[in-house]
Amino acid sequence: MKINQMEVGDVISGIAGPLGLPSQLHPYENGETVVFTAGGVGLPPVYPIMREHLRRGNHVTLISGFRTRDLMFWAEPDQRIGLLQAEFPELLDVIYTTNDGSFGIDGFVTGPLEEMLKNMKAGTGRTVGEVVTIGPPLMMRAVSDLTKPYGVKTVASLNSIMVDATGMCGACMVPVTIDGKMVRKHACIDGPELDAHLIDWDKFLPRFLQFRKQEDENKSRHGFG
Ligand code: FES
């Protein structure tokens, strides 16, 4: 509204942003696959990164997890993932998981990922070039813990913890360990994508319980307790 009220000749004295770093996209020319593990609404932020890899000719495996079939979206042939499969039939593999087994593989996204990693190690499956994980923090941690012993580069996108995205509120601080030292990174300046193996998940995860009391109170007030 303020911008619309401006007259010709008025000036904006400064703009903070956009901050953050773009996704790092590497070419994988030896058939390696870039695995995306998307948990629930982690799928939309995964989508443009995945599409860009495909456009560059990289093979992509999407492991898309939902709690149950009713919460799934974009899976029909005329919807985003279906259309992407039609556009890149040779390059895109899609695996669905549901926690209750109502669609696709029964369980979490880590199930098929673990199988891929084991097959890679046994020399019977595609090499996993890197893993990008976006979704609930516990899922991202589980993915990170899984890939670490295999030495597979893993990126966690922490867009969901940002509040003002200007580097000022401090809400998006992430503890990471670099050269044995703990430092804090801003998801909105240094991220949103960070090396998942550097994140100190033990220190990072408790923040998500910070407002549990208020959340529980609100739930019961609205009849969901
Ligand atoms: S979101 Fe506020 S400092 Fe990053």
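Just so you know, ligand 1 is whichever comes first in the structure, and atom 1 is the first atom listed for that ligand.
- Annotation: the span from Met116 atom CE to Tyr150 atom OH amounts to 12.0 Å, rounded to 0.5 Å.
- Among Pro192, Cys172, Ala187, Gly167, the residue whose heavy atom lies nearest to atom 4 (Fe) of ligand 1 is Cys172.
- Residue-level proximity to ligand 1 for Val163 is carried by the backbone, the only part with a heavy atom below 4.0 angstrom.
- Heavy-atom proximity to Met168, at under 4.0 Å, picks out these atoms of ligand 1: 3 (S).
- Taking atom 2 (Fe) of ligand 1 as reference, the nearest N/O/S atom within Asp164 carries the name OD1.
- At least one N/O/S atom of Cys169, whether from backbone or side chain, sits less than 2.8 Å from atom 2 (Fe) of ligand 1.
- Under 4.0 angstrom from ligand 1, there are no non-hydrogen atoms of Met173.
- Close approach of ligand 1 to Ala165 (heavy-atom distance below 4.0 Å) involves ligand atoms 1 (S), 2 (Fe).
- Atom 4 (Fe) of ligand 1 has no N, O or S atom of His186 under 2.8 Å away, backbone or side chain.
- The NE2 atom of His186 sits 5.5 Å away from atom SG of Cys172, with the distance rounded to the nearest 0.5 Å.
- Taking CE of Met173 as the start and CZ of Phe204 as the end, the distance is 12.0 Å to the nearest 0.5 Å.
- Under a 4.0 Å N-O distance rule, the pair Asp202/Arg141 qualifies as a salt bridge.
- Contact check on Glu217 versus Lys213 returns a salt bridge, with a Lys/Arg side-chain nitrogen under 4.0 Å from an Asp/Glu carboxylate oxygen.
- We find the CG-CG distance between Asp200 and Leu205 to be 9.0 Å, quoted to the nearest 0.5 Å.
- The CG atom of Leu84 lies 10.0 Å from the CG atom of Leu91; values are rounded to the nearest 0.5 Å.
- Looking only at protein heavy atoms, the nearest one to atom 3 (S) of ligand 1 is Gly170 N, 3.2 Å.
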